[in-house]
Amino acid sequence: MNLPTRPSGPLSPPLLPLAAATVVGVIMTAFSATFLPTSGSPGPTPAPTHVSPVADPTTDPFAPLPPGEKLLIASGADESKNKARKQAVNDWNAKHPDIPADILDVEGNTDVQRAKFRDYLDPAAPERVDIVNLDSVHLAEFADAKAQGSPLLVALDEKAPDIPNPITEGMLGDFLPNPLLTCNWQNRLYALPYNSDVGLLFFPAGTAVPKTAAELPEALAAGPAEHQGVAIQLSQDEAFVVNILEQLLAVNQNLLNKDGTPPVVVQAEWEKALTVVRGKVADGQLWYPPGSGRSAEEKTALAFGRKEAAAMRNWPVWFGDIQPQPEVRRLFGPGILGGQNLAVAEKSRHKAQAIELIKFLTSAETQQRLLLDGRFVPTTRSTYKSPQVQRIRYLDELLAAVEEARPRPITPDYYEVSKIILTYLHPVVVRGTPLDPNFEREMNSALN
């Protein structure tokens, strides 16, 4: 099955993606008619009187919104070819016409979106936003009170006067553990995982895919590519952070913790792993193509498509742009978990209804549609088992990759952690300079 991909320049990829949980049903109450006898002979029976109940938003999570209002979802632009996320919202609107919703597209890369989301979530800001579709690494920052004095997001697992419908533990059983990890902060649930993401290795169609890392050099040398290496993303942005952490984990899996808790950074251990990775870059086994492109992912996809690279590390969403269909397998070490999470703004006036919308958007039915129509990577196990998606021939590798992936450190200071990794490690990997001795101190300070 062709999987379209995230667009960039000549390529037009959608995102592979997501979600699950169940939508709570609504019970409507009817009032019976009352027969009113007279003191004399009985008169005609009066027509039944039906009283329409007034919805109370503090007890009814499906209470209609005030006329003219909508639930507003701030989200990175939906680049899927079929606008699958918009279709999912349209499905909600068709089923809940009294609680309409719409999407506010937020343009820009992850860092630009982070800044815009912070502006939208600010209680003093004029923008009225109910739900934010956050990159998973930013959830802790917005849920933590330290950075802004109070959380900008609502704890979804806590009942409150305006939240009669919190997320219970029983609603979370189908979610894969790793994506769900990124929705929690300080033992509270602040989001549900909308879609996941993880890097995969792509090989030309018909290639004998190596089963182990030891077989990789021979597989790379066997192809007709100009560069007998793996094209990866080494741009000076978050793409580098993800790629370099993946390569370091292939050398030493202990550099990051499986549960996303901040690791203790030991300079000697990182230097040892960096020496291996730097050597692979120097001898061309890992290669970042020159030239321009709208993103680092696009540049590597174009180079691989032109047979300039023998293999490629990239996100699953790029599968559909490569013809003939490539061979795919998971990385030889843990991948770095990507994805987005749906959270409710503390400033929202319609928290109960927003939570129901999140349940709907992450339900099994919606998630399957997001996968098939928009190629968003699912976060629920049942979606991978659905007969409708079994025709995606690398589905088992994708599921295994998500299950094995490591979250980036879950911390409200992740933005600072990311800057330190980029500042200190990029020159080591790209230019071969020694690792600055301040790296350990700076990292541990930011992580703790």
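- For Trp270 and Phe439, the ring centers are positioned less than 6.0 Å apart.
- Scanning both residues, Leu398 and Pro316, for their nearest heavy atoms gives CD1-CG, 3.7 Å.
- Looking at every heavy atom in both residues, Ala273 comes nearest to Leu255 through CB-CD1, 4.0 Å.
- The number of heavy-atom neighbours closer than 6.0 Å to CG of Asn448, taken from other residues, nucleotides and ligands shown, is above 12.
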Check step by step if side-chain contact (heavy atoms from CB on, under 4.5 Å) holds for Val112 and Asn109. CA-CA 5 Å; Val112 172; Asn109 62 25; 3.3 Å; yes

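- Ionic pairing of Lys272 and Glu269 is not present here: no N-O contact between side-chain nitrogen and carboxylate oxygen is shorter than 4.0 angstrom.
- Heavy atoms only, all atoms of each residue included: Val417 and Ala446 are closest at CG2-CB, 3.9 Å.
- The backbone N or O of Arg188 lies less than 3.5 Å from no partner atom in the side chain of Asp157, so there is not a single donor-acceptor pair.
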Could you walk me through whether Tyr190 and Leu134 satisfy the side-chain contact (heavy atoms from CB on, under 4.5 Å) test, starting with their C-alpha distance in whole Å, then the side-chain angles of each, then the deciding distance to 0.1 Å, before giving a yes or no? CA-CA 11 Å; Tyr190 283 93; Leu134 289 173; over 6 Å; no

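- Ion pairing between Asp283 and Arg278 fails under the 4.0 Å rule for side-chain N and carboxylate O.
- A salt bridge between Glu238 and Arg408 is present, with a side-chain N of the basic residue lying under 4.0 Å from a carboxylate O of the acidic one.
- No side-chain heavy atom of Glu246 sits less than 4.5 Å from a side-chain heavy atom of Ile232.
- Residues in residues 203-225 take part in no side-chain hydrogen bond (donor to acceptor under 3.5 Å, both in side chains) pair, two or more places apart or across chains.
- Between Glu141 and Leu152 the shortest side-chain heavy-atom distance does not fall below 4.5 Å.
- Side-chain contact between Asp135 and Arg114: absent, with no pair of heavy atoms (C-beta onward) separated by less than 4.5 Å.
- The CG atom of Leu370 sits 10.0 Å away from the OG1 atom of Thr379 when rounded to the nearest 0.5 Å.
- A donor-acceptor pair under 3.5 Å is absent between the side-chain atoms of Ser445 and the main chain of Arg441, judged by distance alone.
- Residues Leu249 and Leu256 have side chains in contact (heavy-atom distance under 4.5 Å, counting atoms from C-beta outward).
- For Glu403, the salt bridge (Lys or Arg N to Asp or Glu O under 4.0 Å) test picks out Arg381, with sequence neighbours left out.
- One distance of note links OG of Ser386 with CG of Leu371; it measures 8.5 Å at 0.5 Å rounding.
- Ionic pairing of Arg306 and Glu226 is not present here: no N-O contact between side-chain nitrogen and carboxylate oxygen is shorter than 4.0 angstrom.
- When all heavy atoms are compared, the tightest approach of Ala401 to Val198 is CB-CG1, 3.6 Å.
- Exactly one residue among Tyr288, Phe304, Trp287 makes a ring-ring contact (aromatic ring centres under 6.0 Å, His included) with His227. That residue is Trp287.
- By the 4.5 Å heavy-atom criterion applied to side chains, Tyr415 and Asp111 are counted as neighbours.
- Residue Leu189 comes nearest to Leu180 through the heavy atom pair CD1-CD1, 4.3 Å, listed as atom of the first residue, atom of the second, then distance.
- If you check the side chains of Asp436 and Asn438, you find a donor sitting under 3.5 Å from an acceptor.
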Yes or no on side-chain hydrogen bond (donor to acceptor under 3.5 Å, both in side chains) for Glu69 and His350, after CA distance, side-chain angles and deciding distance? CA-CA 10 Å; Glu69 291 199 20; His350 311 297; 2.6 Å; yes

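- For Lys83, the NZ atom is densely surrounded, since the number of other residues' heavy atoms within 6.0 Å is greater than 12.
- Checking side-chain atoms of Asn252 against main-chain N and O of Asn254 turns up a donor-acceptor pair under 3.5 Å.
- Side-chain N or O atoms of Gln113 include one that pairs as donor or acceptor with a backbone N or O of Gly108 at under 3.5 Å.
- The main-chain N or O of Asp122 is found under 3.5 Å from a side-chain atom of Lys347 such that the two form a donor-acceptor pair.
- For the atom pair CG of Leu192 and CG of Leu172, the computed distance is 6.5 Å after rounding to the nearest 0.5 Å.
- Using a distance-only test at 3.5 Å, with no hydrogens or angles considered, no donor-acceptor pair links the side chain of Asn243 to the main chain of Leu234.
- Distance alone, capped at 3.5 Å, is enough to place a donor-acceptor pair between the Asn165 side chain and the Ala352 backbone.
- Taking the six-membered ring where tryptophan is involved, the planes of Trp92 and Phe62 are essentially parallel, since the angle between them stays under 30° and well short of 60°.
- Remark: side-chain polar atoms of Lys299 are paired, donor with acceptor, to backbone N or O of Pro289 under 3.5 angstrom.
- Between the CG atom of Asp373 and the CD atom of Gln368 there is a distance of 9.5 Å, given to the nearest 0.5 Å.
- At distances below 3.5 Å, at least one donor-acceptor pair connects side-chain atoms of Asn178 with backbone N or O atoms of Ala405.
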Take Leu72 and Tyr120 through the side-chain contact (heavy atoms from CB on, under 4.5 Å) test and state the conclusion after the steps. CA-CA 11 Å; Leu72 193 60; Tyr120 292 144; over 6 Å; no

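- Closest non-hydrogen pair, Val106 versus Phe117, comes out as CG2-CE2, 3.8 Å.
- Summarising the geometry, atom OG1 belonging to Thr110 is positioned 8.5 Å from atom CG belonging to Asp237; distances are rounded to the nearest 0.5 Å.
- Contact annotation: the side chain of Val230 approaches that of Leu220 to within less than 4.5 Å [non-hydrogen atoms, C-beta and beyond].
- For the atom pair Gln247 CD and Phe240 CZ, the distance stands at 10.5 Å (nearest 0.5 Å).
- A side-chain donor from one of Thr182 and Asn341 sits under 3.5 Å from a side-chain acceptor of the other.
- Contact of the Trp318 side chain with the Leu200 side chain is not registered, since no non-hydrogen atoms from C-beta on lie closer than 4.5 Å.
- Gln233 places a side-chain N or O within 3.5 Å of a backbone atom of Arg313 that can act as its donor or acceptor partner.
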Tell me, with the steps shown, if Arg118 and His138 meet side-chain contact (heavy atoms from CB on, under 4.5 Å). CA-CA 10 Å; Arg118 176 174 284 284; His138 297 144; over 6 Å; no

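- Residues Gln253 and Pro334 form a side-chain contact, since some pair of their non-hydrogen atoms from C-beta on lies under 4.5 Å apart.
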